[in-house]
Number of protein chains: 2
Amino acid sequence: MIPRTAGAFPVTVDVVALTVRDGALHVLLVERLLDPFRGARALPGGFVLPGESLEQAATRELAEETGVTAPASAATGEATRSGRATAVGQPEWHLEQLRTYGPQDRDPRGPVLSVAYLLLAPAFGLPEAGGDAAAAGWFPVPARDLAFDHDRILADGVERARAKLEYSPLATAFCHEEFTVAELRHVYEAVWGTHLDARNFHRKATGTPGFLEPTGHVTTDGPGRPAELYRLVPGVSPTAAVLHPPILRPAERSA
Amino acid sequence: MIPRTAGAFPVTVDVVALTVRDGALHVLLVERLLDPFRGARALPGGFVLPGESLEQAATRELAEETGVTAPASAATGEATRSGRATAVGQPEWHLEQLRTYGPQDRDPRGPVLSVAYLLLAPAFGLPEAGGDAAAAGWFPVPARDLAFDHDRILADGVERARAKLEYSPLATAFCHEEFTVAELRHVYEAVWGTHLDARNFHRKATGTPGFLEPTGHVTTDGPGRPAELYRLVPGVSPTAAVLHPPILRPAERSA
DNA sequence: AGTGGATATCGTCATTCTGACGACAACGAA
DNA sequence: TTCGTTGTCGTCAGAATGACGATATCCACT
């Protein structure tokens, strides 16, 4: 019933996993153990297996190559096959499809379709290297000279994240469930590479309806006055919901 | 070199072609001539052939199923194989990838990957039905009971278009090269389903830097005072560029 | 020619939002 | 107690917004 002239293509998933560490945006990269591009750094990813969904393949490859396993709430369908322990302090993440890169001229082995995913997570430590997790690590963005067309995929992922911070609550995906306004501001500053006025940001973030909700808790450690803890308003999707008015990147005001 | 466990999937492209006709948003649909879903309406689309890029497949399927051919400037790579004449008065369009729909549970024939594209164009007449162009036509959005998961793909495409109008010059993709401020406003009103104040919209549209550029021409037909003609500032991509501040949907102000 | 309808464009004004920045609050360290 | 640090609230001028009046310039009709 499917026409014989139709092509059948190998399909890979590649994951652009971003986090904010030490005030800067980082991406999760692995060192390739096999040709092509052996020894080069690349986005974690691999071939979709028969019967899998794209999201299942993305989480499976992430687990196999980096040891990072999905939190229970984000796991879709079957349990991951990796028996590795969950990464330290990694309670939740946000996974969304980025875009698909055409079958031609991107893999020396022939036509391969790649569906890229964007994963945003709070900073967490990686499991000890070894086993499947060969030389996985966080690298500052921008990273260069990645395998395949991963330079472009990474750039697309970073640009998606930058744009979405403006008009969605996606920045909270980089924070743990409870966070301070300053932590949220550091996310914006790291992703955009700009400086934001702490007082105006506080007013804007706490004043935007449908964004932040105080938990009643306060921080206890660190210097200075303790900060109130907030969470994303329950029921609000980090992707779909829209911030009105948006939080605009300051640099673009002069464009 | 590609692992034997990797699956190979048939890949289709589906095109959500939107335009504004008679003040309302319309989508280009075809009637399926073959099973599955024979007789049902569906988005134009079909299988990617070996050697094709995704965009090539999208424009080819569009030409085969609806007779609509790409303008010269938008044609990517090889010429379309359809010898059909170009659609009446259809000078340019905007084509961008929407998203990819996973291989499972969306085609009764088995796992099929579908890469959806979003096409925005000024209103234009369709070629006479016949040949490949079987019962292609414009239908008001929302359309219901489409084949496969095309209801969802259409909804995703419409939502993408609605969101992008706010912070990008994408609305100009629904207009011809030269257009009036009122025509541009009608696009926003049709896509968003809202009413916009003509005077405030004029001030906002003409006052936003990097958006509109007067051509010096004026309209000559129709009742009322002739309107000045504008074009999108040359060099500005309808997708990538960002409007600051954005043009926000009025209904959401109360959210 | 004159009038009226229709559409385009400009102007006004109160309200809200934004960016810059001062002031104070609440902690730990010296 | 004093000081440095960080968080939170206020103030104020300028910009942006929404509502809407006023004027410009066409066509159709008398």
Side-chain angles (χ1 to χ4, degrees), chain A residues 23 165-167 175 178-189 192 194-231 242-255, chain B residues 23 165-167 175 178-189 192 194-231 242-255:
Chain A
L165 287 203
E166 291 196 329
Y167 55 92
C175 301
E178 296 195 358
F179 50 86
T180 68
V181 176
E183 288 169 356
L184 189 66
R185 176 167 49 87
H186 294 324
V187 168
Y188 279 88
E189 291 176 332
W192 287 346
T194 61
H195 171 75
L196 299 174
D197 183 87
R199 295 155 292 186
N200 291 337
F201 182 86
H202 188 278
R203 176 182 60 192
K204 180 78 180 248
T206 56
T208 297
F211 191 18
L212 301 187
E213 181 184 72
T215 65
H217 307 155
V218 294
T219 54
T220 56
D221 58 334
R225 172 176 168 176
E228 292 190 38
L229 288 166
Y230 292 84
R231 73 168 70 91
V242 180
L243 297 184
H244 280 269
I247 301 174
L248 297 180
R249 284 177 265 194
E252 295 180 296
R253 306 282 309 186
S254 60
Chain B
L165 288 203
E166 291 196 330
Y167 56 92
C175 300
E178 297 196 358
F179 51 85
T180 68
V181 176
E183 287 169 356
L184 188 66
R185 176 166 49 87
H186 293 325
V187 168
Y188 280 87
E189 292 177 330
W192 286 346
T194 62
H195 171 75
L196 298 175
D197 184 87
R199 296 155 293 187
N200 291 336
F201 182 86
H202 188 278
R203 176 183 61 193
K204 179 76 182 244
T206 57
T208 297
F211 191 19
L212 300 187
E213 181 183 74
T215 65
H217 306 154
V218 294
T219 55
T220 56
D221 59 333
R225 174 175 167 177
E228 291 190 39
L229 288 166
Y230 293 82
R231 72 168 71 90
V242 180
L243 297 185
H244 280 269
I247 301 175
L248 297 180
R249 284 177 265 192
E252 294 180 296
R253 308 281 309 186
S254 60

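Reminder, nothing fancy here: chain letters follow the sequence lines and each chain counts from 1.
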Hey, are the side chains of B/Thr206 and B/Tyr230 touching, using non-hydrogen atoms and a 4.5 Å cut-off? yes

Nearest-nucleotide wise, let me know which of B/Asp197 and B/Pro246 is further upstream toward the 5' end of DNA chain D. B/Pro246

Whole angstrom value for the distance that separates [atom2] of [N] from [atom1] of [X]:
| X | N | atom1 | atom2 | answer |
| --- | --- | --- | --- | --- |
| B/His217 | C/dA8 | NE2 | P | 19 Å |
| A/Leu212 | D/dT8 | CG | P | 11 Å |
| B/Leu229 | C/dT7 | CG | P | 17 Å |
| B/Arg185 | C/dT9 | CZ | P | 10 Å |
| A/Leu243 | C/dC17 | CG | P | 14 Å |
| A/Leu196 | C/dA20 | CG | P | 11 Å |
| A/Tyr230 | D/dG7 | OH | P | 12 Å |
| A/Tyr188 | C/dG19 | OH | P | 13 Å |

Closest-nucleotide ordering on DNA chain C, the 5'-leading residue of A/Thr220 and B/Pro226: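 Per heavy-atom nearest nucleotide, the more 5' residue is B/Pro226.
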
Out of D/dT6, C/dA6, D/dA24, whichever nucleotide has its closest atom nearest the side chain of A/Arg225: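 For the A/Arg225 side chain, the nearest candidate turns out to be D/dT6.
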
Nearest heavy-atom neighbours spanning [X] and [Y]:
| X | Y | answer |
| --- | --- | --- |
| A/Ile247 | A/Trp192 | O-CH2, 3.3 Å |
| A/Glu166 | A/Pro246 | O-CB, 3.2 Å |
| B/Pro226 | B/Val218 | CB-CB, 4.5 Å |

Looking only at the aromatic ring of each residue, does the gap between the centers of A/Tyr188 and A/Phe201 stay below 6.0 angstrom?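 For A/Phe201 and A/Tyr188, the ring centres are under 6.0 Å apart.
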
Tell me which residues in residues 199-207 of chain A put a heavy atom below 4.0 Å from DNA chain D, sorted by number, or none.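 Per residue number, the list reads A/Arg199, A/His202, A/Arg203.
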
Set of residues satisfying ring pair (Phe, Tyr, Trp, His ring centres under 6.0 Å) with respect to B/Phe211, sequence neighbours excluded: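 Partners of B/Phe211 under the ring pair (Phe, Tyr, Trp, His ring centres under 6.0 Å) test: none.
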
One pair to check against side-chain contact (heavy atoms from CB on, under 4.5 Å): A/Thr194 and A/Arg249. What are the steps and the verdict? CA-CA 8 Å; A/Thr194 61; A/Arg249 284 177 265 194; 5.8 Å; no

So A/Ala198, base contact, sugar-phosphate only, or nothing? Heavy-atom distance under 4.0 Å.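 Result for A/Ala198 = nothing.
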
